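Below is one structure, written out as structure tokens; the observations come after it.
Below, chains carry the letters A, B, ... as their sequence lines are ordered, and counting in each starts from 1. What you see is a predicted model; the values in this text were computed from it and never measured.
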Amino acid sequence: MEILKSRFFKKNTALVAEKLLGCYLVRQIGNQKLIGRIVETEAYLGVKDSCCHSFQNHFTDKTKAMYLEGGFSYVYFTYGMHYCLNVVTGDKTQPEAVLIRALEPIEGISKMKKYRKKQNLKDLCSGPGKLCQAFSITKKLNAKKLTKKGELFITKGRAVKDKELDSRVGLPLHKDSAYWFLRFYIKNNPHVSVRKNQIC
DNA sequence: CTGGGGATCGAG
DNA sequence: TCGATCCCCAGG
């Protein structure tokens with residue numbers, strides 16, 4: 001179980017998003033370990049991406065974690081009830097990140113069911129808000145280093161063959177960057193999120 | 001100080 | 001299709 005090093009996250013953001021497919025998100029809560037295989041990601045390209053929180057170097061208390069170096073977390077709260085987990089990429093001059101959108105539950109499934117208050121395996125981590133609930137990820141885990149053993153980290157996985165590429169999800173459709181093809185997922189994996197804002 | 005929006009989810 | 005729900009931030 002090899003932990004991904006910060007070097008992994010300091011490459012091209014879209015490439016990082018693609019290479020994160022098949023890797024494992026590990027959440028350690030006391031003695032309890034939760035593991036999920038990453039099956040869906042989205043890249044957010046910083047200052048030039050109008051859908052990115054750090055568009056045009058927008059800098060606030062909320063977005064400042066994006067200005068950390070690659071390998072840190074960026075967790076934010078949205079819609080009054082959900083958290084989303086990102087991994088920061090690039091160096092400090094590139095406030096870019098990859099949103100972790102879905103996981104395939106691997107270990108600690110009974111705990112995930114408890115946190116989610118859902119029994120169906122497919123309901124546990126098939127969305128960015130769901131997986132944060134299943135893994136008990138809140139704002140307390142914002143701006144944390146993910147490249148060492150601790151409460152939250154990512155380990156290397158096996159290479160994935162069937163990758164798909166699509167436009168991103170849940171964004172204001174009047175912005176052209178909403179249509180950029182920066183969503184990566186594993187083809188035919190039942191734990192990939194269901195998109196509602198079907199484009200075209 | 002205040003009001004409006006949000007990288008979502010789930011019920012109906 | 002729509003309502004929940006609340007933190008954060010821009011604007012006054």
With sugar-phosphate meaning primed atoms plus P, OP1 and OP2, does A:Lys117 contact a base, only sugar-phosphate, or nothing at under 4.0 Å between heavy atoms?
nothing
Check the orientation of A:Phe77 and A:Tyr83. Use parallel for under 30°, tilted for 30 to 60°, and perpendicular for over 60°.
tilted
Within the pair A:His82 and C:dC7, is there a side-chain N or O less than 4.0 Å away from OP1 or OP2?
no
Would you say A:Lys62 places a side-chain N or O within less than 4.0 Å of OP1 or OP2 belonging to B:dG6?
no
Would you mind reading off the distance between A:His174 atom NE2 and B:dG5 atom P, rounded to a whole angstrom?
11 Å
When rounded to whole Å, the CG to P distance for the pair A:Asn86 and B:dT8 reads 11 Å
Pick base, sugar-phosphate or nothing for A:Gly129, based on heavy-atom distances below 4.0 Å to the nucleic acid.
sugar-phosphate
For B:dG10, does either OP1 or OP2 sit under 4.0 Å from a side-chain N or O belonging to A:Lys130?
yes
Under 4.0 Å, counting only non-hydrogen atoms across every strand here, what does A:Asp61 touch: a base, just sugar-phosphate, or nothing?
sugar-phosphate
Take atom CZ of A:Phe184 and atom C1' of B:dA7, then tell me their distance rounded to the nearest Å.
16 Å
Using modelled atom types only, decide if a donor and an acceptor are shared between the side chain of A:Asn86 and the backbone of A:Val88 within a distance under 3.5 Å.
no
A:Met66 has its side chain closest, among C:dC6, C:dA10, B:dA7, to B:dA7
Taking atom types as modelled, find out whether A:Ser6 and A:Thr147 have a side-chain donor-acceptor pair closer than 3.5 angstrom.
no
Whether A:Arg27 side chain and A:Gly36 backbone form a donor-acceptor pair below 3.5 Å:
no
Does the C:dA4 base have a donor-acceptor partner in the side chain of A:Tyr79 within less than 3.5 Å?
no
Can a side-chain donor-acceptor contact be found between A:Ser126 and A:Lys130 if the only test is distance below 3.5 angstrom?
yes
Base partner of C:dG3, which must satisfy Watson-Crick or wobble distances under 3.5 Å:
B:dC9
Output yes when at least one side-chain N/O atom of A:Thr60 is less than 4.0 Å from OP1 or OP2 of C:dC9, else no.
yes
Mind calculating the distance between NZ (A:Lys139) and P (C:dC6) to the nearest angstrom?
16 Å
Measure CZ/A:Phe59 against P/C:dA10 and give the value in whole Å, please.
12 Å
When you get a sec, tell me which of B:dA7, C:dA10, C:dT5 is the closest nucleotide to the side chain of A:Tyr76?
B:dA7
With a 3.5 Å limit on both atom pairs, tell me what B:dC1 is paired to, counting Watson-Crick and G-U wobble, or say none.
C:dG11
In whole angstroms, the gap separating P of B:dA7 from CD of A:Glu96 amounts to 17 Å
5'-most contact on DNA chain B: A:Gly127 or A:Lys175, nearest heavy atom basis?
A:Lys175
Whole-Å gap separating C1' (C:dA10) and CZ (A:Phe55):
17 Å
Under 4.0 angstrom, heavy atoms only, what part of the nucleic acid is A:Arg116 near: base, sugar-phosphate, or nothing?
sugar-phosphate
